[in-house]
Amino acid sequence: MEPANPLQQLLVRGLGTTNLVVERLRAVTQNWVLSGRLDPNQATALVDEVTAAMRGENPDVEKQAERQLERNFDNFLQDVGLARQKELDELRGRIDRLEQQLRQQA
């Protein structure tokens, strides 16, 4: 690993942290199984679910985050008085239809 590449260092540290969390979660759930507080199938499901969420493989969480980001972005654009591309395209379509109606009436 190149010491001058901070992005690479951050990525490696992030992967290491993820692996550490997953291993610790496995150890904790194993202890819960041994103590009878958790069923082995539940433990496996929990580890799999957390691992998938950490890797971004949980579509529900991703969709929820995406919707929240869209709402925040829409609010920001509205606050600063800017329109989204979709809104501009809708306006162009309306203008085109109105121009066509005017030509037909003339």
Side-chain angles (χ1 to χ4, degrees):
M1 178 170 55
E2 297 176 28
N5 190 340
L7 184 58
Q8 185 179 19
Q9 289 177 353
L10 183 62
L11 180 63
V12 169
R13 287 184 182 148
L15 291 174
T17 302
T18 300
N19 288 336
L20 181 65
V21 168
V22 170
E23 290 304 315
R24 183 68 182 133
L25 180 61
R26 283 191 180 124
V28 168
T29 55
Q30 184 63 29
N31 287 338
W32 289 345
V33 167
L34 293 174
S35 68
R37 293 172 57 191
L38 193 63
D39 181 77
N41 293 331
Q42 291 173 328
T44 302
L46 176 63
V47 171
D48 291 345
E49 185 178 325
V50 170
T51 302
M54 290 177 70
R55 291 186 179 143
E57 298 170 359
N58 191 335
D60 293 335
V61 171
E62 289 179 22
K63 287 179 185 176
Q64 183 180 3
E66 186 176 323
R67 284 191 301 268
Q68 182 65 37
L69 181 62
E70 283 290 320
R71 280 193 297 271
N72 290 344
F73 189 66
D74 288 341
N75 291 339
F76 169 75
L77 288 177
Q78 187 176 16
D79 288 347
V80 296
L82 297 175
R84 297 196 73 165
Q85 184 64 44
K86 179 181 174 183
E87 295 169 323
L88 292 175
D89 293 341
E90 289 173 0
L91 288 173
R92 283 187 188 116
R94 287 179 64 192
I95 291 169
D96 290 343
R97 285 190 299 276
L98 289 171
E99 286 176 343
Q100 186 177 16
Q101 286 175 356
L102 284 173
R103 279 187 291 239
Q104 289 174 352
Q105 290 176 358

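Leu98 forms part of no hydrophobic cluster, judged by ILVMFWY side-chain heavy-atom separations under 4.5 Å.
Within 6.0 Å of atom CZ in Arg24, 12 or fewer heavy atoms from other residues, nucleotides or ligands are found, so the atom counts as exposed in its surroundings. Heavy-atom neighbours of Glu70 CD from other residues, nucleotides or ligands within 6.0 Å: above the threshold of 12.
A distance of 10.5 Å separates CD in Gln101 from CZ in Arg103, rounded to the nearest 0.5 Å. Residue Glu99 holds its CD atom at 12.5 Å from CD of Gln104, rounded to the nearest 0.5 Å.
For Leu82, the side chain to side chain contact (heavy atoms under 4.5 Å, CB included) criterion is met by Leu77, Val80, not counting sequence neighbours.
Remark: the Asp74 side chain and the Gln78 side chain contain no N/O donor-acceptor pair separated by less than 3.5 Å. A donor and an acceptor atom, one from each side chain of Gln68 and Arg71, are located under 3.5 Å apart.
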Enumerate donor-acceptor pairs with a distance under 3.5 Å from any side-chain N or O in residues 31-44 to protein atoms, sequence neighbours excluded.
unit_1	atom_1	unit_2	atom_2	d
Ser35	OG	Asn31	O	3.2
Ser35	OG	Trp32	O	3.1
Asp39	OD2	Asn41	N	3.0
Gln42	OE1	Asp39	N	3.1
Thr44	OG1	Pro40	O	3.1

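A salt bridge between Asp89 and Arg92 is present, with a side-chain N of the basic residue lying under 4.0 Å from a carboxylate O of the acidic one.
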